[in-house]
Amino acid sequence: QKNSCVLPEDLKNFYLMTDGFQMTWSVKTDDTPMPLGSMVINSVSNLCRLGGSSMYTLPNAPTLADLEDDTDEEGNGDKPEKPHFDSRSLVFELDPCNGNGKVCLVYKHAEPVVSPDTEIWFLDRALYWHFLTKTFTAYYRLLITHLGLPQWQYAFTSYGVSPQAKQWFNMYKPITINTALLSEEADSFVNKLDPNKVFKSKNKTPVLKKKPPSQPPGSQKSHMSMTSAKTSSLAGNSSRK
């Protein structure tokens with residue numbers, strides 16, 4: 001009501017289920033957990049508008065609207081029209097991106113009335129705009145797919161992610177960061193593990209108990225005959241006494 005605009009239907013349904021979203025995950029290095037991934041959707045109260053007002057109290061302090069340049073290239077061909085910091089667009093912050101930029105919900109046509117059509121854009125630290133998706137649902141899928149890795153939004157810019165962030169991508173999302181290589185070599189990321197070998201049951205070799213050596217039948221008979229002979233001789237000696 002304050003900004004005379006209506007939330008898109010998918011974002012409205014999201015806020016009806018939960019007032020914002022935040023999920024972080026860590027990795028262990030030397031048995032010490034280190035925060036790595038972060039997925040954030042601001043709550044309704046933190047859905048702040050960008051531009052227009054000055055962050056300083058001076059009467060002639062600059063604003064984001066002062067950065068507007070009429071010579072900027074508008075949407076030509078496949079490039080969508082970029083948002084504006086002045087009254088022509090309404091921009092709301094969805095994700096502060098841990099200081100690496102801002103993911104914004106953009107109403108690109110706010111004059112004379114606010115158009116209900118919205119898009120999701122990324123504003124980098126140099127205040128350049130980069131298009132992400134046309135709907136909040138599509139952006140939410142991107143957020144989950146990229147696991148909230150640091151600077152993942154820069155994968156949709158012309159200069160890409162930093163070398164440090166690329167190392168995390170190579171570890172946790174190698175297919176995402178190497179899409180060009182994947183298109184050239186289709187078998188580069190194919191899982192070549194043989195399930196028959198991986199899930200092969202380990203059969204333990206049965207331990208055979210050692211049996212005492214069996215005597216041949218002839219030796220048993222001779223042993224029995226010698227025993228009977230000794231018994232008979234003992235009986236004869238006792239009778240003579």
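A distance-only check finds a donor-acceptor pair linking the side chain of Thr145 to the backbone of Arg141 [under 3.5 Å]. Judged by distance alone, with hydrogens and angles left aside, the side-chain atoms of Asp124 form a donor-acceptor pair with the main-chain N or O of Ala126 at under 3.5 Å.
The ring of Phe14 has its center closer than 6.0 angstrom to the ring center of Tyr140.
Annotation for Tyr128 and His130: closest pair O-CD2, 3.4 Å, computed over non-hydrogen atoms. The minimum heavy-atom distance between Arg125 and Gly99, with the atom names listed, is CD-O, 3.4 Å.
The cluster map of Ile, Leu, Val, Met, Phe, Trp and Tyr, joined by side-chain heavy atoms under 4.5 Å apart, puts Val44 and Tyr107 in the same cluster. In the hydrophobic cluster analysis, where Ile, Leu, Val, Met, Phe, Trp and Tyr join through side-chain heavy atoms closer than 4.5 angstrom, Val40 is grouped apart from Ile144.
Atom NZ of residue Lys82 and atom OG of residue Ser89 lie 13.0 Å apart, to the nearest 0.5 angstrom. Distance CD/Glu9 to OG1/Thr135: 12.5 Å, rounded to 0.5 Å.
Contact check for Gln153 versus Val103: side-chain heavy atoms found under the 4.5 Å cut-off. Looking only at side-chain heavy atoms (C-beta outward), Ile120 and Phe131 stay at 4.5 Å or farther from each other. The closest side-chain heavy-atom distance from Leu123 to Phe85 is below 4.5 Å. When side chains are defined from C-beta on, Ser26 does not count as touching Met34, because their heavy atoms never get closer than 4.5 Å. Within the 4.5 Å cutoff, the side chain of Trp25 has heavy atoms near those of the Leu149 side chain. Between Pro150 and Leu36 there is a side-chain heavy-atom pair separated by less than 4.5 Å. Looking at Trp121 and Val91, their side chains never come closer than 4.5 Å, going by heavy atoms from C-beta outward. Under the 4.5 Å side-chain criterion, counting only non-hydrogen atoms from C-beta, Asp95 is not in contact with Asn42.
Using cut-offs of 30° and 60° for the angle between ring planes, the Tyr159 and Tyr154 rings count as tilted. The aromatic rings of Trp168 and Tyr172 lie parallel to each other, with less than 30° between the two planes, well short of the 60° mark.
Of the residues listed (Val106, Leu90, Leu50), the one engaging Pro83 in a side chain to side chain contact (heavy atoms under 4.5 Å, CB included) is Val106, and it is the only one.
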Run the side-chain hydrogen bond (donor to acceptor under 3.5 Å, both in side chains) check on Ser43 and Ser45 step by step: do they pass? CA-CA 5 Å; Ser43 61; Ser45 59; 3.1 Å; yes
Would you check, one step at a time, whether the test side-chain contact (heavy atoms from CB on, under 4.5 Å) holds for Tyr139 with Ile41? CA-CA 11 Å; Tyr139 167 74; Ile41 301 294; 3.8 Å; yes
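Between Glu119 and Lys108, at least one side-chain nitrogen of the basic residue sits less than 4.0 Å from a carboxylate oxygen of the acidic one, meeting the salt-bridge criterion.
More than 12 heavy atoms of other shown residues, nucleotides or ligands fall within 6.0 angstrom of atom CG in Asn46.
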